[in-house]
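One structure, as structure tokens, below. Some questions next.
The first residue in the sequence is number 1, and the count goes up from there.
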Amino acid sequence: MQNMQGFLRFLVVKVILLALASSFVSCYDPSPLQDFCVAVDDVNGVFVNGKFCKDPKYVKAEDFFTSGLNIAGNTINRVGSNVTNVNVDKIPGLNTLGVSLVRIDFAPGGQNPPHTHPRATEILVLVEGTLLVGFVSSNQDNNRLFSKVLYPGDVFVFPIGMIHFQVNVGRTNAVAFAGLGSQNPGTITIADAVFGSKPLIMPEILAKAFQLDVNVVRYLEARFSSNYGGHY
């Protein structure tokens with residue numbers, strides 16, 4: 001009798017483990033490559049999570065190539081920086097490979113404002129100038145700031161989803177290159193998203209959230225809703 005009970009307990013445990021394993025396999029979702037992908041019944045309106053693939057027999061070397069990263073970007077703008085993207089839209093061969101690249105040019109005092117990449121970790125190398133860089137950890141980690149001054153040859157990593165920034169603290173132009181762990185990392189520039197959303201967030205909500213006078217919020221929304229634009 002005891003042997004039978006032991007066998008039954010063993011059988012129940014085994015069934016539970018198999019069910020859990022099956023659940024983990026069937027519920028796995030691939031990492032998203034866009035902000036959202038709403039399901040549709042109309043097959044004529046399908047958008048995939050990424051891009052469709054070219055027939056391999058028509059693939060050529062040019063599908064994996066682009067040029068122009070030797071050319072400095074125009075930094076005459078409100079933030080004093082310029083980001084040149086090399087993503088799947090520039091190099092079709094990046095599709096499904098999970099990587100992309102950017103060149104970032106900074107005028108003296110220019111910055112890449114606080115922003116996040118919802119779909120990618122970033123690794124940045126400075127090749128010219130001096131940058132102050134940093135990221136802020138999540139609420140669960142008490143929003144700690146990790147910051148460093150970089151010089152040519154220095155490398156810094158920004159974990160996926162963390163708010164981060166780069167500022168040229170030198171007297172000359174600065175140039176950096178960054179690799180990102182997605183063919184389409186996405187960017188949320190914090191000030192643009194909060195004060196320049198379409199339609200605008202109610203000023204009273206932001207006034208309470210940021211502990212500001214509501215008139216200050218209205219001023220900021222007027223500034224950021226004037227099509228200032230964002231970054232990479």
Check your understanding: Taking NZ, NE, NH1 and NH2 as the nitrogens, is one of them in D154 or K148 under 4.0 Å from a carboxylate oxygen of the other?
Key ->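 No.
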Exercise for review: Please work out which of the three classes, parallel, tilted or perpendicular, describes the rings of H164 and F158, given edges at 30° and 60°.
Suggested key: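 Parallel: the ring planes of F158 and H164 meet at under 30°.
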**Study point:** Minimum heavy-atom distance A193-I188, with the two atoms named
**Key:**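 What the structure gives for the nearest pair is CB-CG2, 3.8 Å.
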Check your understanding: Is the shortest side-chain N to carboxylate O distance from R144 to D141 below 4.0 Å?
Key ->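 The answer is yes: the pair qualifies as a salt bridge.
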Exercise for review: For T172 and G129, work out which heavy atoms get closest and say how close.
Suggested key: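 Heavy-atom minimum between the residues: OG1-CA, 4.5 Å.
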Check your understanding: So, N85 side chain and N87 main chain: donor-acceptor pair closer than 3.5 Å or not?
Key ->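 Flag not set: sc N85 to bb N87 has no pair under 3.5 Å.
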Review point. Does a side chain donor of either N168 or Q111 reach within less than 3.5 Å of an acceptor in the other side chain?
Key: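 No donor-acceptor contact under 3.5 Å links the two side chains.
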Practice item. Using the salt bridge (charged side-chain N to carboxylate O under 4.0 Å, His left out) rule, collect all pairs that involve residues 201-212, keeping only residues at least two apart or in two chains. Key: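 Checked against salt bridge (charged side-chain N to carboxylate O under 4.0 Å, His left out) - neighbours excluded - the pairs reaching residues 201-212 are E204-R218.
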Exercise for review: For I76, look at atom CD1 and say whether over 12 heavy atoms of other residues, nucleotides or ligands are found less than 6.0 Å away.
Suggested key: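 Counting other residues, nucleotides and ligands, CD1 of I76 stays at 12 neighbours or fewer.
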Point to revise | N184 vs D89, side chain to side chain contact (heavy atoms under 4.5 Å, CB included): CA-CA, chis, key distance, verdict | key: CA-CA 9 Å; N184 183 22; D89 294 323; 5.9 Å; no
Point to revise | N/O donor-acceptor pair under 3.5 Å between T116 side chain and I163 backbone | key: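 A pair under 3.5 Å: no.
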**Study point:** For F106, the option from V79, T130, L131 that meets side-chain contact (heavy atoms from CB on, under 4.5 Å)
**Key:**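 Per the side-chain contact (heavy atoms from CB on, under 4.5 Å) rule, the option paired with F106 is L131, out of V79, T130, L131.
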Practice item. I would like to know whether Y219 and F195 meet ring-ring contact (aromatic ring centres under 6.0 Å, His included); could you show each step before the answer? Key: CA-CA 9 Å; Y219 169 79; F195 296 108; over 10 Å; no
